[in-house]
Amino acid sequence: MLLQAASPMAIPIVVLDPEVTAPAKQVSQPSVMPLADPPLQHVDGAFTSLGMISQLAQQVDILTIEIEHVDVDALEHVANEFKTTGGRSGQGVKVYPAPSIIRTIQDKYAQKVHLQGQGIPVAPFLPITSSPATSLGSNPRDALRESVLSAAHQFGYPLMLKSRHLAYDGKGNFVLKSADGIDEALQALIPEASLATGKPIADRLYAEKWAPFVKEVAVMVVRGVDGQTRSYPAVETIHRDSVCHIVYAPLRPVDTPTSGIGKEQRGMGKLGEKSVDRRAQEAAEKAIDALGEGAVGVFGVEMFLLPDGSLLLNEIAPRPHNSGHYTIEACNYSQYTAHLYAILSLPLPPIKFIPSSAAMLNLLGWSASGSDDFLKPDGVVRKAIGMGAAVHLYGKAGCRKGRKMGHVTIMGESDEEVKAKIDELVDVLPGDYK
Ligand code: ADP
Ligand code: MG
């Protein structure tokens with residue numbers, strides 16, 4: 001989608017991805033772009049390989065990411081090696097966002113420590129360690145169990161246990177309902193093999209107090225090289241099994257979830273005069289500013305709206321985010337165009353939401369393997385096209401259950417109309433996704 005946004009401006013992009021047929025590589029052929037002199041070649045390799053990242057960096061002036069699970073040491077190395085010389089123009093390669101920011105965000109615990117240190121409200125959290133102060137012998141599982149129990153003692157149940165690294169779509173999270181589930185949780189989050197060595201398993205997990213949210217809210221923020229920050233409207237994200245399922249934009253009022261009222265009545269919360277939307281935007285912008293000067297590009301900021309109307313920041317994605325897919329059709333410029341403007345040091349015009357109401361439905365794979373036929377008769381895609389929705393199928397090679405294979409965006413005159421259409425689409429999804 002970033003390459004699709006670059007196309008109308010003829011911005012050449014070269015992609016690093018392990019798969020030769022990666023969706024991004026299907027969108028453009030940089031080797032035939034006249035502006036790309038010397039010719040560019042997509043790179044087939046791992047996001048974690050220094051050699052591959054260097055091969056990419058040699059071809060570009062600006063390097064950016066669409067996934068945070070990259071090798072930050074390699075990115076930092078490249079940023080230093082190509083600081084003032086090298087790269088496509090020979091004048092150095094700029095890396096946005098700054099690798100140090102990606103490093104902080106990669107470690108969910110470090111991210112929380114950083115945000116809390118900047119005065120941004122987050123759910124209370126504690127590290128889980130396999131080497132507590134009290135010696136419990138050499139069994140790391142016992143020590144971890146003790147550490148989880150002590151967090152549960154402080155925060156109560158349910159307790160959210162999270163992996164610090166490599167987590168996405170709920171993978172790496174475990175909702176602990178009682179002390180009885182601790183062994184199961186540890187088994188799920190820290191495989192037996194890594195405990196068998198008997199060595200301390202430090203820094204793998206942390207515990208978070210349960211946030212009894214009434215809604216999950218997200219805001220896309222774009223920050224330019226000069227520090228100018230703009231945010232898209234706050235939206236409601238609805239997750240199923242920790243995977244984003246539906247996004248309603250803009251945020252519907254708390255008391256009338258996703259039902260039809262006019263734009264002017266939206267967003268009033270219970271805390272003070274400011275609307276929830278505005279407070280969410282302010283909190284998101286503050287969080288991105290707090291990342292520092294290197295925070296350049298688009299960021300997805302996930303938040304919890306609590307019953308008293310206050311907001312807690314959940315996590316930041318340092319990249320375009322599926323809670324911002326609706327911006328492709330529903331805003332004057334999309335999150336992808338915004339990202340390009342930011343990293344290319346172009347102006348960031350005011351952001352406008354164009355229709356009265358919009359929603360995005362993720363199309364998740366439902367087969368265990370192979371390729372789902374999204375275009376089959378009576379399927380969700382045909383129905384979506386029939387109702388005038390914008391359909392995006394990503395062209396991913398392998399379909400897995402729960403994998404994000406595409407999305408549709410619906411726009412309408414009212415929240416009610418959009419909600420009714422989403423309901424109709426959800427109705428034709430396979431059983432698990434209804
Ligand atoms: P991921 O990287 O998978 O997006 P998150 O930390 O955002 O991980 O958690 C996934 C989902 O789990 C959230 O969108 C939310 O629905 C739920 N969740 C996460 N943390 C908490 C919490 N502290 N309290 C309640 N629910 C939570
Ligand atoms: Mg999340």
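Given the structure is predicted, the values throughout are model-derived calculations rather than measurements. The first residue of the sequence shown is numbered 1, and numbering continues consecutively from there. Counting starts at 1 for both ligands and their atoms, in listed order.
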Residues passing the salt bridge (charged side-chain N to carboxylate O under 4.0 Å, His left out) test with Glu208, sequence neighbours excluded, are Lys112, Lys162

Strictly below 4.0 Å, N to O, side chains only: are Glu236 and Arg252 in salt-bridge contact? no

Of all N, O or S atoms in Glu302, identify the one at the shortest distance from the Mg ion (ligand 2). OE1

Taking 4.0 angstrom as the limit, do Lys383 and Asp427 come out as a salt bridge? no

Sequence neighbours excluded, the answer for salt bridge (charged side-chain N to carboxylate O under 4.0 Å, His left out) partners of Lys396 is none

Among the N, O or S atoms of Glu315, which one sits nearest to the Mg ion (ligand 2)? OE2

With no hydrogens and no angle check, do the side chains of His339 and Tyr96 hold a donor and an acceptor under 3.5 Å apart? no

Exercise: identify the closest heavy-atom pair between Pro250 and Pro233: CB-CB, 4.2 Å

Proximal protein residues to ligand 1, non-hydrogen atoms under 4.0 angstrom: Lys108, Met160, Lys162, Ala167, Tyr168, Asp169, Gly170, Asn173, Glu208, Lys209, Trp210, Ala211, Phe213, Glu216, His239, Ser242, Glu302, Phe304, Asn314, Glu315

Residues at least two apart in sequence or cross-chain that pass ring pair (Phe, Tyr, Trp, His ring centres under 6.0 Å) with His42, listed by chain then number, are none

From the Mg ion (ligand 2) out to just under 2.8 Å, does an N/O/S atom of Asp169 turn up? no

